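The structure under discussion appears below in the form of structure tokens.
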Amino acid sequence: MTLEQAKEKLAKYGQEHVLKYYGELTEEEKRGILDQIEATDMSILEACKHKEDLAKKGVITPLAAMQLDEIEANRESFTATGIEAIRQGKVAAVLLAGGMGTRLGSDNPKGMYNVGLTHELYIFECLINNLLEVVHQADAWIHLFVMTSDKNNDATITFLQEHDYFGYKAEYVHFFKQEMAAATDYEGKIYLEEKGKLSTSPNGNGGWFISMKNNGMLDIVHNEGIEWLNVFAVDNVLQRIADPCFIGATIQRGCVVGSKVVRKNAPDEKVGVMCLEDGRPSIVEYYELTDELMNAKDEKGEPAYNYGVILNYLFKVQDLEKIMEEKMPLHIVEKKIPYLDENGEPVKPETPNGYKFESLVLDMIHQMDSCLPFEVVRRKEFAPIKNKTGVDSVESARELLVENGVVL
Ligand SMILES: CC(=O)N[C@H]1[C@@H](OP(=O)(O)O)O[C@H](CO)[C@@H](O)[C@@H]1O
């Protein structure tokens, strides 16, 4: 993009200020900021002007989950169907690993965090071990796509290479980067992180499939005949990946998405809840859950929205391709964004000072025609590591790993 073109684009969105220091930049920095301006989707920034409308949901009603007793009664048959699909190469896994271990006090990618006590045991290693169990059970390799971000791509690739992918077969591991979105002040003006660099952050986990497409991953998907993608988050060290029983249940029920859920342990637990929205499957994220929904009861007096998602979804590729062109809802999140003050000095704010813009994977569920909420046993499959200590932490995950026979 030329300087003239950049100016034109910026003028359209009222963002001319980002070129304030352009005259002081080296040739390389000039190229850098022009490239960034070209790559940034600025239309989304308009969203802060009608922020209130963004999170508006339709009419929410309960959606029943397939519960543990029903799953147990059909385990053999579901598992056989799942194993068959895996052997035919129809299933791949997608690890969402664009995040950093910041909240765990680390500057590394989150997956590089060591949860071991007497020996090294990294988050990535736990996940790969879990997937390897299925590889052995099915006696077939499963393609693993790893989504990184600008912030952690090189470190992630080097780390996994250095550790020989923890025993995974290298040809079956593919990396792709998630895209970045600009971060702004409360007026929707993009911050500068450096004189020649816009402030950006990863665009949320909802961009995973588009990023796969933009990075050529769908060629692999098509060439290999992959029909199902099991998307999962880096932080849950206990989760079963490409779980044959879950795959088989989703296929047998004729659903285009499966979503692993746990029974919530408290009305305000920080998990998205499965529901119907205007009659279609949907998820209300915990920070958007109203008190009314939180406390609603069904006819048996049980909480009506009692199933929380653990961020482990099985999507049918064909249906993902159908919705690819549809616009996803935007979520605006308040955040601490490092910026340059009016004198061009870098500032690291202590409190939130602006917005970042994200699309969320859970919104894709609402774009799908059918979804099977599939209950799993919390203490066997849900040990998310969000913090260092307390709820959903390194400590609680260690306890659960030990309980499940993992030596730390
Ligand atoms: C946007 C998104 O996918 N949010 C997920 C994700 O939330 P966190 O904010 O990362 O804790 O993980 C939760 C499970 O640990 C899940 O319940 C929730 O829906």
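All residue numbers refer to positions in the sequence shown, counting from 1. Quick caveat, the model's predicted, so the values are computed rather than measured. First listed ligand is number 1; within each ligand, the first listed atom is number 1.
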Worksheet item: What do you reckon, does Gly272 have a nitrogen or oxygen under 3.5 Å from a nitrogen or oxygen of ligand 1?
Response: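 It does: an N or O of Gly272 is found under 3.5 Å from an N or O of ligand 1.
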Practice prompt. Please work out which of the three classes, parallel, tilted or perpendicular, describes the rings of Phe159 and Phe124, given edges at 30° and 60°.
Written response: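 Taking Phe159 first and then Phe124, their aromatic rings sit tilted (interplane angle of 30° to 60°).
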Under 3.5 Å donor-acceptor pairs involving side-chain atoms of residues 170-178, not counting sequence neighbours:
residue: His174; atom: NE2; partner: His143; partner atom: ND1; Å: 2.8
residue: Lys177; atom: NZ; partner: Asp150; partner atom: OD1; Å: 3.1
residue: Gln178; atom: NE2; partner: Asn203; partner atom: OD1; Å: 3.3
residue: Gln178; atom: NE2; partner: Gly204; partner atom: O; Å: 3.0

Which atoms of ligand 1 are found less than 4.0 Å from any heavy atom of [X]?
| X | answer |
| --- | --- |
| Val271 | 17 (O) |
| Leu311 | 3 (O), 5 (C), 6 (C), 12 (O) |
| Glu285 | 1 (C), 2 (C), 4 (N), 5 (C), 7 (O), 18 (C), 19 (O) |
| Val361 | 3 (O) |

Return the residue, atom name and 0.1 Å-rounded distance of the protein heavy atom closest to [atom].
| atom | answer |
| --- | --- |
| atom 9 (O) of ligand 1 | Tyr286 OH, 2.4 Å |
| atom 17 (O) of ligand 1 | Val309 O, 2.7 Å |
| atom 3 (O) of ligand 1 | Asn205 ND2, 3.1 Å |
| atom 10 (O) of ligand 1 | Lys386 NZ, 3.3 Å |

Fill in: OH-CG distance between Tyr113 and Asn108, expressed to the nearest 0.5 angstrom
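Separation between the atoms: 11.0 Å.
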Worksheet entry | Among Lys356, Glu285, Glu288, side-chain hydrogen bond (donor to acceptor under 3.5 Å, both in side chains) partner for His331 |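 Of Lys356, Glu285, Glu288, side-chain hydrogen bond (donor to acceptor under 3.5 Å, both in side chains) with His331 is met by Glu288 alone.
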Worksheet item: Any side-chain donor paired with an acceptor under 3.5 Å for Asn153 and Thr148?
Response: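 Side-chain D/A pair, Asn153 to Thr148: present.
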Item to complete: Could you verify whether a donor N or O on one side chain and an acceptor N or O on the other, from Gln137 and Glu133, lie under 3.5 Å apart?
Response: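 No, because no side-chain N or O of Gln137 sits under 3.5 Å from a partner of the opposite role on Glu133.
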Worksheet entry | CA sep, side-chain torsions, deciding dist, call: Val94, Tyr313, side-chain contact (heavy atoms from CB on, under 4.5 Å) | CA-CA 10 Å; Val94 183; Tyr313 304 105; over 6 Å; no
